[in-house]
2 protein chains.
Amino acid sequence: MARIKTENNLTRKEVIVAKAATLFREKGFKAASMRDLAEAVGVEAASLYNHIKSKTEILHELCFSVANRFLHKIDEVEAEQTSSIIKIEKLLRFHINEMIHHYEEVYVSDREWKHLSDPYLSNFQNQRRIYRKRFAAIIETGIIENQIKKIDAATAVLIMLHAISGIESWHRSTQKITADELEENMISILVGGLVNR
Amino acid sequence: MARIKTENNLTRKEVIVAKAATLFREKGFKAASMRDLAEAVGVEAASLYNHIKSKTEILHELCFSVANRFLHKIDEVEAEQTSSIIKIEKLLRFHINEMIHHYEEVYVSDREWKHLSDPYLSNFQNQRRIYRKRFAAIIETGIIENQIKKIDAATAVLIMLHAISGIESWHRSTQKITADELEENMISILVGGLVNR
DNA sequence: AAACATCGCTAACATTCGTTAGTATATTAT
DNA sequence: ATAATATACTAACGAATGTTAGCGATGTTT
């Protein structure tokens with residue numbers, strides 16, 4: 001009888017959720033079956049249900065744990081007494097590092113939240129909308145204070161957030177620059193643009 | 001007996017593929033069933049198979065028709081005798097407009113290609129990789145010619161391509177700026193950056 | 001109007017899916 | 001050692017999936 005191996009103080013549920021993140025990223029939520037997950041964990045499919053309520057519950061856990069980290073961060077950044085540019089850069093760096101170091105979860109939360117079911121779905125969409133509005137508000141302040149050029153703040157937010165999700169390609173690429181180089185390049189391009197001056 | 005309505009010189013197959021694009025975008029390839037598609041088309045599921053070979057064939061058609069449009073465009077742009085910055089801007093504008101006006105197809109091609117099956121899958125991945133290398137090569141030329149600041153070209157490409165996929169959010173948003181405004185804002189931010197100077 | 005091809009229908013198929021019930025085994029607490 | 005709890009197993013379920021076969025209806029050509 002093959003028990004789920006737990007290490008580093010993880011509960012068995014956490015092991016399952018972590019493996020699920022990898023699987024959901026690789027195949028997508030719908031295409032990843034509970035039998036796939038069971039195999040990855042080293043156990044029979046039915047045994048998973050001793051630890052989780054349902055497949056969808058795993059997605060809940062992933063999506064909301066990621067969302068909460070971003071919400072806490074923007075709370076923290078908003079409270080700071082710094083310029084808008086610095087606030088934006090801090091948020092971007094946080095996004096970049098989350099995407100680099102918690103790749104699987106962040107990616108799944110980003111791409112698979114559609115498969116949540118109500119009331120979690122509307123909940124998640126709301127949080128997302130509000131987060132982006134708060135991000136846009138920081139940019140708008142920067143525009144008013146003349147630190148940021150006159151652009152549509154909402155468009156700037158969607159550009160930046162989606163640009164960061166491109167780190168997916170970095171993860172998959174064979175000839176990687178280092179994580180630090182990636183971070184600096186992204187900040188340089190997103191904040192400063194492409195052109196030389 | 002409900003026949004598939006064809007208008008604007010579309011074959012019935014093209015009608016099916018177009019409806020499928022919408023459906024695949026909304027629910028994802030795996031979650032969208034042939035019975036869903038049949039309902040959207042106004043026919044029974046089995047009837048679809050008079051026009052298409054399989055569900056996956058629809059995905060092939062979508063992915064490769066989009067990929068071919070981008071390949072033709074980069075052929076055209078590479079052949080021009082213009083600066084790297086202008087070439088990049090032209091490619092970006094093409095991407096933006098494709099995403100605005102052929103939203104469903106482009107989005108599906110971007111997000112659902114994973115569900116292609118070999119040999120189409122490796123084929124698609126190859127095309128994608130080569131396209132990005134050609135894009136990166138243009139950026140590298142611009143760096144050498146000092147028009148573009150010293151950045152990692154591959155990172156710049158992934159930022160730009162993923163940023164553009166963010167137009168998805170624009171489509172979904174209720175308070176839209178116009179398509180032209182969106183295009184100008186995106187070019188301004190991606191090429192020129194955020195900061196005011 | 002007859003012949004032919006196109007198209008849509010019903011019915012059914014083999015798989016795969018998430019999940020539950022019931023039972024056996026391992027671990028922990030007494 | 002014994003009891004209690006946690007965990008895994010086998011077997012099976014009903015539902016949904018992509019797809020095929022066979023037949024009848026529609027549209028087109030002669």
Side-chain angles (χ1 to χ4, degrees), chain A residues 1-7 9-24 26-63 108 112 114-118 120-121, chain B residues 1-7 9-24 26-63 108 112 114-118 120-121:
Chain A
M1 199 175 280
R3 274 204 140 206
I4 298 177
K5 292 178 209 153
T6 60
E7 30 193 52
N9 293 346
L10 290 181
T11 62
R12 291 184 215 287
K13 178 170 181 174
E14 285 165 340
V15 172
I16 292 173
V17 171
K19 290 275 186 190
T22 305
L23 214 65
F24 291 173
E26 285 170 355
K27 315 183 79 171
F29 175 75
K30 268 286 177 182
S33 74
M34 294 303 279
R35 286 166 179 86
D36 290 336
L37 178 55
E39 193 184 349
V41 169
V43 97
E44 291 299 318
S47 308
L48 297 172
Y49 289 84
N50 286 316
H51 307 282
I52 54 144
K53 290 212 307 275
S54 68
K55 187 186 183 187
T56 324
E57 190 213 8
I58 301 178
L59 189 60
H60 297 164
E61 303 247 339
L62 286 169
C63 289
V108 169
E112 306 293 334
K114 278 186 190 180
H115 299 104
L116 289 170
S117 37
D118 271 324
Y120 299 98
L121 177 60
Chain B
M1 202 175 279
R3 277 201 137 208
I4 298 177
K5 291 179 210 152
T6 61
E7 30 193 52
N9 293 346
L10 291 181
T11 62
R12 292 187 215 286
K13 179 171 182 174
E14 286 165 339
V15 172
I16 292 173
V17 172
K19 290 275 187 191
T22 306
L23 215 64
F24 291 173
E26 286 169 353
K27 315 183 78 170
F29 176 75
K30 269 285 177 182
S33 75
M34 293 303 279
R35 286 166 179 86
D36 290 337
L37 177 55
E39 194 185 348
V41 170
V43 99
E44 290 300 316
S47 308
L48 297 172
Y49 288 84
N50 286 318
H51 307 281
I52 55 145
K53 288 214 307 278
S54 66
K55 186 186 182 185
T56 323
E57 191 213 8
I58 301 178
L59 190 59
H60 297 164
E61 302 246 340
L62 286 169
C63 289
V108 168
E112 305 293 335
K114 279 187 188 176
H115 299 103
L116 289 170
S117 38
D118 270 324
Y120 299 98
L121 177 59

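Here is the naming used below: chain letters follow the sequence lines, and residue numbers restart at 1 for every chain.
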- Task: Step by step, work out the side chain to side chain contact (heavy atoms under 4.5 Å, CB included) result for Val108(A) and Phe29(A).
- Result: CA-CA 8 Å; Val108(A) 169; Phe29(A) 175 75; over 6 Å; no

- Task: Just do the side chain to side chain contact (heavy atoms under 4.5 Å, CB included) check on Leu121(A) and Ser117(A) with the steps written out, would you?
- Result: CA-CA 5 Å; Leu121(A) 177 60; Ser117(A) 37; 5.8 Å; no

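Inter-residue side-chain proximity for Lys30(B) and His115(B) is flagged as met; some heavy-atom pair is nearer than 4.5 Å.
Distances shown here put a side-chain N or O of His51(B) below 4.0 Å from the OP1 or OP2 atom of dG8(C). At dC7(C), none of the side-chain N or O atoms of Ser47(B) fall inside 4.0 Å of OP1 or OP2 (strictly under the cut-off).
A side chain to side chain donor-acceptor pair (under 3.5 Å) check over residues 54-63 of chain A, counting only residues at least two apart or in different chains, returns the pairs Lys13(A)-Glu57(A), Lys13(A)-Glu61(A).
The nearest whole Å value for the distance from the CG atom in Leu48(A) to the C1' atom in dT10(D) is 15 Å. The CD1 atom of Ile16(A) sits 15 Å away from the P atom of dA6(D) (whole-angstrom rounding). Going from atom CD of Glu44(A) over to atom C1' of dA21(C) covers 16 Å, rounded to whole Å. Between the CZ atom of Arg12(A) and the P atom of dT5(D) there is a distance of 17 Å, given to the nearest Å.
A distance-only check finds no donor-acceptor pair linking the side chain of Glu39(B) to the backbone of Asp36(B) [under 3.5 Å].
For the atom pair CG of Leu23(A) and CE of Met34(A), the computed distance is 10.0 Å after rounding to the nearest 0.5 Å.
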- Message: Counting primed atoms plus P, OP1 and OP2 as sugar-phosphate and everything else as base, spell out the protein contacts along nucleotides 17-23 of chain D at 4.0 Å heavy-atom distance: B, S or - for each nucleotide, 5' to 3'.
- Response: BBBB---

